[in-house]
Undergrad: 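Below is the structure I would like to discuss, written out as structure tokens.
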Amino acid sequence: LRRAEHRFSRVYLKKIEAMAEGAGGDVAYAYLPAWRAPTLPAEIRNVLDIEKPVIDLGGEIADDPGKWLDATHVNAWGAAEQSLRFADELARLAPGLGVAGCSAGR
């Protein structure tokens, strides 16, 4: 079942990439960590054949119990931290996005 799960996911990801690129867009993935899983496992990246940039929202938050509601969901503090990190990483990867003069609330 696990192989089929990844195979179907890979098919959908490739279709999404093709649609975005067909419309002249770029693709990047976002990794939302689980408790104590701070980085996207290389095995998953390989199985899903992810070659595009990955915005990694893991890191130190993965080991901070004050940022988690349960093992797979951050709480409000964790969500706020991930939102800021996502905005910073997106701005770094795609500096032409957004409105001139707008920042990630800083």
Side-chain angles (χ1 to χ4, degrees):
L1 181 62
R2 190 78 165 169
R3 288 181 191 214
E5 177 184 334
H6 291 309
R7 184 176 145 305
F8 296 139
S9 297
R10 185 172 52 241
V11 168
Y12 290 125
L13 293 176
K14 293 304 169 191
K15 285 184 178 186
I16 291 167
E17 286 179 7
M19 289 188 323
E21 290 168 356
D26 292 324
V27 174
Y29 291 93
Y31 172 68
L32 299 169
W35 169 249
R36 301 223 170 170
T39 60
L40 176 65
E43 176 188 358
I44 298 297
R45 189 175 183 138
N46 292 336
V47 167
L48 295 178
D49 194 26
I50 295 174
E51 297 174 357
K52 303 293 184 182
V54 175
I55 297 173
D56 189 345
L57 300 176
E60 293 176 10
I61 192 173
D63 288 321
D64 184 346
K67 305 280 174 77
W68 292 88
L69 184 61
D70 59 41
T72 56
H73 299 91
V74 292
N75 60 25
W77 294 279
E81 183 175 317
Q82 285 185 327
S83 295
L84 287 174
R85 187 167 180 174
F86 182 73
D88 288 344
E89 287 298 304
L90 190 57
R92 185 181 62 76
L93 286 172
L97 288 179
V99 178
C102 184
S103 69
R106 296 176 186 196

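The first residue in the sequence is number 1, and the count goes up from there.
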Undergrad: Tell me whether L32 shares a hydrophobic cluster with L93, the cluster being built from Ile, Leu, Val, Met, Phe, Trp, Tyr side chains joined at under 4.5 Å.
TA: yes
Undergrad: Checking the side chain of K67 only, and the main-chain atoms of Q82 only, is there a donor and an acceptor separated by less than 3.5 Å?
TA: no
Undergrad: Taking G58's backbone N and O only, do any of them form a donor-acceptor pair with R85's side chain (distance below 3.5 Å, no angle check)?
TA: yes
Undergrad: Indicate the atoms forming the closest heavy-atom contact of V54 with I50, along with that distance.
TA: CG2-CG2, 3.9 Å
Undergrad: For residues V27 and L48: do they belong to one hydrophobic cluster (side chain heavy atoms under 4.5 Å, members Ile, Leu, Val, Met, Phe, Trp, Tyr)?
TA: yes
Undergrad: Going from CG on L57 to CG on D88, what distance comes out if it is rounded to the nearest 0.5 angstrom?
TA: 10.5 Å
Undergrad: Give a yes or no on whether L13 and I44 share a hydrophobic cluster (residues Ile, Leu, Val, Met, Phe, Trp, Tyr; joining criterion: side-chain heavy atoms under 4.5 Å apart).
TA: yes
Undergrad: What closest approach, in Å, do A62 and A34 show between heavy atoms, and which atom pair accounts for it?
TA: CB-O, 4.0 Å
Undergrad: What distance separates W35 CH2 from T72 OG1, expressed to the nearest 0.5 Å?
TA: 13.0 Å
Undergrad: Scan F86, Y29, Y31 and name whichever one has a side-chain contact (heavy atoms from CB on, under 4.5 Å) with I55.
TA: F86
Undergrad: Write out all pairs satisfying side-chain hydrogen bond (donor to acceptor under 3.5 Å, both in side chains) with one or both partners inside residues 51-64, taking only residues at least two apart or from two chains.
TA: E21-K52
